[in-house]
Amino acid sequence: KAGLASGDLCYPLLYAPELLNKEFNSKVADMKNSVKDRSNAQCSCAGHFIESHIDSKYIERDGGWLHVDMAGPGTKAERGTGYGVGLVLSLVGAPGFSSRS
């Protein structure tokens, strides 16, 4: 609904952390901040990396989190497109951007 209301169209992606864990193996850290296979669901891997670093108390208390991956549509010909601003404003119910009506 927020994507339609804002005009920043989006869709849910595959999210299966159990399939992505091996992408973050590191010899010196808990997780490396780069995936081994650059063709392996980078958006989902980025979401998993973020989730792995969020305190579980935050998720339990506030009910969740959201990763909006806007690296691809965020620029065009080296200029910012503004993609994602309206989407986030719609998600939080900002006046003029509400998807809740």
Side-chain angles (χ1 to χ4, degrees):
K1 290 182 182 181
L4 290 173
S6 67
D8 286 346
L9 302 179
C10 53
Y11 57 92
L13 296 173
L14 166 70
Y15 188 68
E18 63 278 6
L19 300 177
L20 304 174
N21 285 330
K22 66 179 189 270
E23 291 294 324
F24 296 97
N25 289 343
S26 171
K27 293 179 182 177
V28 296
D30 294 340
M31 290 179 90
K32 103 179 133 165
N33 186 10
S34 179
V35 293
K36 182 170 51 171
D37 181 356
R38 301 297 273 169
S39 65
N40 190 8
Q42 289 187 43
C43 297
S44 295
C45 286
H48 177 53
F49 184 83
I50 292 167
E51 179 188 34
S52 296
H53 293 86
I54 296 175
D55 189 327
S56 61
K57 292 177 187 171
Y58 171 82
I59 295 173
E60 292 167 10
R61 182 188 70 225
D62 296 324
W65 61 279
L66 174 70
H67 170 69
V68 178
D69 194 12
M70 55 183 80
T75 59
K76 183 175 182 177
E78 298 183 21
R79 296 186 59 114
T81 64
Y83 175 85
V85 175
L87 176 65
V88 171
L89 291 172
S90 181
L91 284 168
V92 299
F97 289 91
S98 180
S99 65
R100 299 174 186 155
S101 15

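- Shown here for Ala5 and Ser90, the closest heavy-atom pair between the two residues is CB-OG, 3.7 Å.
- Here NE2 of His53 is found 7.0 Å from CG of Asp30. Values are rounded to the nearest 0.5 Å.
- A distance of 10.5 Å separates OG of Ser56 from CD of Glu51, quoted to the nearest 0.5 Å.
- At distances below 3.5 Å, at least one donor-acceptor pair connects side-chain atoms of Ser6 with backbone N or O atoms of Ala2.
- Enclosure of atom CZ in Arg79 is not indicated, since only 12 or fewer non-hydrogen atoms of other residues, nucleotides or ligands lie within 6.0 angstrom.
- The CG atom of Asp8 lies 7.5 Å from the OG1 atom of Thr81; values are rounded to the nearest 0.5 Å.
- Just one residue in the list His67, Met31, Glu18 forms a side-chain contact (heavy atoms from CB on, under 4.5 Å) with His48, and that residue is Met31.
- A single hydrophobic cluster is not seen to contain both Leu4 and Leu87; linkage of ILVMFWY side chains at heavy-atom distances under 4.5 Å, directly or through other members, places them apart.
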